[in-house]
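Accompanying notes for the structure given below.
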Amino acid sequence: MPANNVRGILCMLAAVAAFGVLDVCMKRMAETYPAMQVTFLRGALSLPFILLAVGWSRRWRDLQPNRWGLHLLRGILQVATLYGFVYAVSKLSLANAYTIFMSAPLLITALSVPFFGERVGWHRWLAVAVGMTGVLVVVRPGATGMEMGGMALLGFLAAIGSALAYALGVLLIRVLQPTETSAATMFWALSLTALFAGVISSTQWVPVLWDHWHWLAVMGLSGALGQHFLTEAFRLAAPSVVAPLEYTALAWGMLFDWLLWLTVPSSRMLTGAAIIVASGLYVIHRERLRSKIDASRTTAAVKA
């Protein structure tokens, strides 16, 4: 295996672990503070680390935005993603919230058709349909309010909404990529998240307790490290190599649930998770095959 692939895999594993720690912090904070306030804190606390990195490289011009309208839209989607996820983990276990959120790659595949006119073969459409079935297995839409609990149902709906907003945000990054730097894309997404969530949460602001400042420090650091390692992973290795490792988040979620909240995943959740992960991995596999076929056709055309 090429050395860059090995380093990319290690970076992705580190990124997922860092984001797992971040999510634990957000779940802890959501026990005391409104979800929108936690969303604001998540955005604001990572900004100093990004500015520090840009200042260290002295590339301030990289922060200059070229397409304000799309940045504003992505900021709104980022607020929806974080708020939905924070609300979900406040009502559900980390593993349950992760399981639903892992449907995002399937949603990205489905939405790439109306957004970019991409051709998605029946193999990938079938994988998307099977993956959505896995979501239904976890959510159990036929369950009554007494069986599931109203708060749990709202948590599941928030997780689904978060995954949808995340998928739309990822597609928007692809639109921004030709004209915006990675630093600008990250900086303005976090800045606008902090701005929008800060304004919304100001009417119900809960003073931050001194005892919670260590959670805030870990939240900011883990978020910055996760973003750094994630960027490095995709820089060093192809997406088809490192993207499947995002599913290791489920293992971290189950581990943290067990260690911190003494929660053991149900058989239904494990079944749904297995279906979603298998479907996602199959979509990635088909994407890899399609890339190889396109590359071979291009090579043949050049030789001809």
Side-chain angles (χ1 to χ4, degrees), residues 7-30 33 35-65 71 74-75 77-86 89 94 97-98 101 104 162 165-166 169-170 172-173 176-177 180-198 201 208 212-237 242-243 245-246 248-249 252-253 256:
R7 288 196 291 270
I9 288 171
L10 293 176
C11 283
M12 178 57 81
L13 291 173
V16 174
F19 283 133
V21 173
L22 169 66
D23 293 337
V24 167
C25 295
M26 290 196 295
K27 183 174 174 65
R28 282 292 195 192
M29 296 297 289
Y33 307 97
M36 190 59 75
Q37 183 174 339
V38 178
T39 301
F40 160 76
L41 294 170
R42 163 67 181 100
L45 290 170
S46 293
L47 283 174
F49 293 97
I50 293 179
L51 291 174
L52 182 63
V54 174
W56 184 267
S57 61
R58 297 182 180 180
R59 300 187 62 174
W60 295 106
R61 294 176 66 88
D62 287 353
L63 298 180
Q64 181 179 344
H71 281 292
R74 183 153 186 266
L77 290 171
Q78 185 87 342
V79 170
T81 299
L82 288 173
Y83 174 77
F85 188 79
V86 172
V89 297
L94 277 177
Y98 277 160
F101 192 78
S162 177
Y166 174 82
V170 168
L172 197 55
I173 290 175
L176 285 166
Q177 191 173 14
E180 313 297 310
T181 65
S182 297
T185 302
M186 286 190 298
F187 175 77
W188 289 109
L190 290 173
S191 296
L192 292 169
T193 296
L195 175 62
F196 295 152
S201 63
V208 178
H212 291 162
W213 282 106
H214 65 285
W215 287 109
L216 296 178
V218 175
M219 186 188 300
L221 180 60
S222 59
L225 287 175
Q227 193 62 55
H228 168 73
F229 284 122
L230 185 70
T231 303
E232 283 296 294
F234 283 105
R235 185 182 66 83
L236 291 167
V242 295
L245 297 171
E246 291 191 57
T248 58
W252 285 110
F256 288 137

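Since the model is a prediction, treat every value here as computed from it, not as a measurement.
Scanning for salt bridge (charged side-chain N to carboxylate O under 4.0 Å, His left out) contacts around Glu246 gives an empty result, with sequence neighbours left out. Under the rule for a ring-ring contact (aromatic ring centres under 6.0 Å, His included), the partners of Trp252 that lie at least two apart in sequence or sit in another chain are Phe256. For Trp213, the side-chain contact (heavy atoms from CB on, under 4.5 Å) test picks out Val208, Trp210, Leu216, with sequence neighbours left out. Applying the ring-ring contact (aromatic ring centres under 6.0 Å, His included) rule to Phe101 yields the partners Phe85, Tyr166; only residues at least two apart in sequence or on another chain are considered. The side-chain contact (heavy atoms from CB on, under 4.5 Å) check on Leu245 picks up Ile9, Met12, Leu13, with sequence neighbours excluded.
To the nearest 0.5 Å, the span separating CD on Gln78 from OG1 on Thr39 amounts to 9.5 Å. Between Arg7 atom CZ and Leu10 atom CG the span is 9.5 Å, to the nearest 0.5 Å.
In this structure, the side chains of His71 and Leu176 come closer than 4.5 Å at one or more pairs of heavy atoms.
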Side-chain donor-acceptor pairs of residues 182-197 under 3.5 Å, sequence neighbours excluded:
| residue | atom | partner | partner atom | Å |
| --- | --- | --- | --- | --- |
| Thr185 | OG1 | Thr181 | O | 2.9 |
| Trp188 | NE1 | Leu63 | O | 2.6 |
| Ser191 | OG | Phe187 | O | 2.8 |
| Thr193 | OG1 | Ala189 | O | 2.6 |

List the atom pairs, donor and acceptor, that lie under 3.5 Å between side-chain atoms in residues 40-54 and the rest of the protein, sequence neighbours left out.
| residue | atom | partner | partner atom | Å |
| --- | --- | --- | --- | --- |
| Arg42 | NH1 | Ser46 | OG | 2.6 |

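Listed by first then second residue, pairs satisfying side chain to side chain donor-acceptor pair (under 3.5 Å) with a partner in residues 12-28 read Asp23-Tyr98, not counting sequence neighbours. Evaluation of the salt bridge (charged side-chain N to carboxylate O under 4.0 Å, His left out) test over residues 44-61, restricted to residues two or more places apart or in two chains, returns Arg59-Asp62.
Gly226 and Phe19 make their closest contact through C-CZ, 3.4 Å (heavy atoms, listed as atom of the first residue, atom of the second, distance). Shortest non-hydrogen contact noted between Ala30 and Val86 is CB-CG1, 3.9 Å.
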